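These notes concern the structure reproduced below.
Just so it is clear, the model here is predicted, and its values are computed rather than measured.
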Amino acid sequence: MDKKIFLYNTLGKKVEEFKTHEEGKVTLYTCGPTVYHFAHIGNLRSYLMEDVLEKFLRYAGYDVKRAMNITDVGHLANDADVGEDKMVAGAKREHKSVMEIAKFYTDAFFADCEKLNIKKPEIVDPATNNIPAYIDLIQKLFDKGFAYLAGGNVYFDTTKLEDYYILTGHTSEDLAVAVRNDVEEDTNKKNKTDFVLWFTKSKFDDQELKWDSPWGYGYPGWHIECSAISMKHLGEYLDIHCGGIDNIFPHHTNEIAQSEAALGHKWCNYWFHVQHLNNKTGKMSKSSGEFLTLSLLIEKGYDPLAYRMFCMQSHYRKPLEFSYETLDNTVFAYKKLKDRVSSLKDEGEVDNNVVEEYRGKFIDALGNDLNTSFAFTVLYDMLKADINDRTKLFLVEDFDKVFSLNLTHFEPVKEVNVDSELEAFVLSQIEARKEAKASKNYALADEIRNTLLEKGIVLKDTKDGTLWEKA
RNA sequence: GGCGGCAUGGCCAAGUGGUAAGGCAGAGGAUUGCAAAUCCUUUAUCCUCGGUUCGAAUCCGGGUGCCGCCUCCA
């Protein structure tokens, strides 16, 4: 950690030097997925950039402890503020039990992550696993006078806080005028911004998942899980809390409210928010617009890692517009980059001075509010520089700890057992073509090349002879 | 209506006061029997108007456009 790292902090709305609560250690919390449907590639953009953040912090020398929840309890079903819990809706749609649905989509989520080389956080904890922790936390809020009971539900009283709007820049007047007209107001609340900590009496009666509590049989409000799960695993002081930008209000605002009310001191120092992925019509979301999943991209023939590179070429705090044109652009760039790396020879000796120089540039780029785009520039500059191939390979492998683009995983051109027959055939064809060329029978030479191409074999004539690869 | 973000060449994108990185595509050249691959060269005054400054893409103010949030969403 000899280099300073700077990150944009939503709390304060500016780029700040990153300092951990405990020297050399980072506690990192991520709002996990709600597992009632597949994640779309916009969701995955957030997790992807958070993965880059985590890997970069490790690269820079921090010991990172990261936790993530899985939301397998109630979220509402649709825009109109009516209907049933989303998990229940998902279960009905697919004729499965709620917990089966949760398991299915949790697995699907992590399968997507794996394809994108997103590391699974070492701590993943489902919301349904932590009911006693929510009850403890809510009890604490009662003891301290922040919670009240109304109409059977437990609410958090936001007026008891000094600065409820710390994350958003709103004022209480703003919301007083603003509230959307399609939302049915909850008359139990003392204040508009108060939120539910525990439901016993819900508009949504067909909740399948309910638990006993001191306030009655019911289920937790949707903010409490993140506070409780984070504190359970990461303690009273959190370094970084990540999430999508649309979680700033109300979810993260309310997390801060309940956490700091319970703890009696500042809870989390840095708030890291990833912007949306848009398409031409606007935000990609679960409830509106095009629902593009990773599986769909794969079906269309895209390498998930090309999507990873697509995201990293842009900045996490900029809205990114998805289009196939731009993705195709990245597909070419990714292939060219890998080809370039694969052509490096394992020659020379690793030059440690050069390594340190470029590692420094790489850390400077990413340490500047995770400037992934510039990190690629460092990579390209390094590949162009006048240094030996082994040093380049070493650095590519090193940078790839953060990029995670499998830049040094080359497809084996020849698989000894499986393709030896094919290899012999191709080599004989190459030899035949060479002879044809030597006798200036170009028609035959081209025919051989075209025939191989139809079989998916691409020939490359180089100074050292003809090479081939499977397209 | 309130709050917030964004606006750089065909596309993506860096840049945080000193005179426009990088990638992809395109063009020209080298190489090739021709191609592909590879290598070299090459393409902008930064949405608009005004201000501050010796000097602004970069700071300030007014527009315009796009996007998000305002208790379902990453």
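Closest-nucleotide positions on RNA chain B for A:Arg317 and A:Tyr47 were compared, and the one nearer the 5' end corresponds to A:Arg317. Each of A:Gly32 and A:Thr330 has a nearest nucleotide on RNA chain B; the 5'-most of these lies closest to A:Thr330.
When heavy atoms are screened at a 4.0 angstrom cut-off, A:Thr30 is found touching no nucleic acid atom at all. Within 4.0 Å of A:Lys335, counting heavy atoms only, lies no atom of the nucleic acid at all. Within 4.0 Å of A:Gly42, counting heavy atoms only, lies at least one base atom of the nucleic acid. The residue A:His315 sits close only to the backbone: its heavy atoms come under 4.0 Å of sugar-phosphate atoms, none of a base.
In the set B:A21, B:C34, B:A25, B:A21 carries the atom at the smallest distance from any side-chain atom of A:Thr377. Nearest nucleotide to the A:Phe374 side chain, out of B:A21, B:C12, B:C24: B:A21. Distance from the side chain of A:Asn329 is smallest for B:G10 among the nucleotides B:A13, B:A35, B:G10. The side chain of A:Leu320 sits closest to B:C12 out of B:G22, B:C12, B:G33. Distances were taken from every side-chain heavy atom of A:Ile245 (C-beta onward) to each of B:G68, B:C24, B:C69; the shortest belongs to B:G68. Taking the side chain of A:Lys336 as heavy atoms from C-beta on, and the options B:A25, B:A14, B:G68, the nearest nucleotide is B:A25.
Within the structure, every side-chain polar atom (N or O) of A:Lys338 is placed at least 4.0 Å from both OP1 and OP2 of B:A37. Contact annotation: A:Lys318 does not reach the phosphate of B:C12 (side-chain N/O to OP1 or OP2, under 4.0 Å). Within the structure, a side-chain polar atom (N or O) of A:Asn371 is placed less than 4.0 Å from OP1 or OP2 of B:G15. Contact annotation: A:Lys13 does not reach the phosphate of B:C3 (side-chain N/O to OP1 or OP2, under 4.0 Å).
Taking the C1' atoms as reference points, B:G28 lies 37 Å from B:C6, given to the whole Å. Rounded to a whole angstrom, the distance from the C1' atom of B:G10 to that of B:C67 is 23 Å. B:U8 sits 12 Å from B:A21 when the C1' atoms are compared, rounded to a whole Å. One P atom belongs to B:U32, the other to B:G26, and the distance between them is 23 Å to the nearest Å. Nucleotides B:A27 and B:G9 are separated by 15 Å at their C1' atoms, to the nearest Å. Rounded to a whole angstrom, the distance from the P atom of B:G22 to that of B:U64 is 37 Å. Comparing the C1' positions of B:A14 and B:A7 gives a spacing of 15 Å, expressed to the nearest Å. For B:C11 and B:A25, the C1' atoms lie 7 Å apart once the distance is rounded to whole Å.
Summarising the geometry, the separation between CG on A:Leu459 and C1' on B:A36 is reported as 9 Å, rounded to the nearest angstrom. Taking atom CZ of A:Phe376 as the reference point, atom P of B:G15 lies 15 Å away to the nearest angstrom. In this structure, A:Glu435 atom CD and B:G33 atom P are separated by 17 Å, rounded to whole Å. The nearest whole Å value for the distance from the CZ atom in A:Arg433 to the P atom in B:A36 is 13 Å. Going from atom CE of A:Met309 over to atom C1' of B:A13 covers 12 Å, rounded to whole Å. With rounding to whole Å, A:Ile430 atom CD1 is found 14 Å from B:A36 atom C1'. Put simply, NE2 on A:His276 is 15 Å from P on B:C6, counting in whole angstrom units. The CZ atom of A:Phe249 sits 12 Å away from the C1' atom of B:G2 (whole-angstrom rounding).
Taking 4.0 Å as the cut-off between side-chain N and carboxylate O, A:Asp339 and A:Lys336 do not count as a salt-bridged pair. Salt bridge annotation for A:Lys361-A:Asp381: absent, with no cationic side-chain nitrogen under 4.0 angstrom from a carboxylate oxygen.
The ring-ring contact (aromatic ring centres under 6.0 Å, His included) with A:Tyr105 is formed by just one residue from the set A:Phe110, A:Phe38, A:Tyr36; it is A:Phe38. Of the listed residues (A:Thr159, A:Asn254, A:Thr158, A:Thr193), just one forms a side-chain hydrogen bond (donor to acceptor under 3.5 Å, both in side chains) with A:Tyr164, and that residue is A:Asn254. Just one of A:Phe6, A:Tyr270, A:Phe272 meets the ring-ring contact (aromatic ring centres under 6.0 Å, His included) condition when paired with A:Phe18; it is A:Tyr270. A:Phe403 pairs with exactly one of A:Phe56, A:Phe376, A:Tyr334 by the ring-ring contact (aromatic ring centres under 6.0 Å, His included) rule, that one being A:Phe376.
Under the Watson-Crick or G-U wobble criterion, with both distances below 3.5 Å, B:A36 has no partner in any strand shown. If you check B:A20 for Watson-Crick or wobble pairing at under 3.5 angstrom, you find it has no partner at all. Base pairing analysis places B:G26 opposite B:U42; the two distances defining the Watson-Crick or G-U wobble pair are each below 3.5 Å. Base pairing analysis places B:C59 opposite B:G51; the two distances defining the Watson-Crick or G-U wobble pair are each below 3.5 Å. Pairing for B:G65 goes to B:C6, judged as Watson-Crick or G-U wobble with the two contacts each under 3.5 Å.
Judged by distance alone, with hydrogens and angles left aside, A:Arg449 brings a side-chain donor or acceptor within reach of the base of B:A35, the pair sitting under 3.5 Å. A donor-acceptor contact under 3.5 angstrom links the side-chain atoms of A:Asp446 to the base of B:G33.
The number of heavy-atom neighbours closer than 6.0 Å to NZ of A:Lys13, taken from other residues, nucleotides and ligands shown, is above 12.
Residue side chain A:Tyr442 meets the stacking definition with respect to B:G33: its ring centre sits within less than 5.5 angstrom of the base's six-membered ring centre, and the planes differ by less than 30 degrees.
A cation-pi contact, defined as under 6.0 Å to the ring centre and within 45° of the axis, links A:Arg359 to A:Tyr59.
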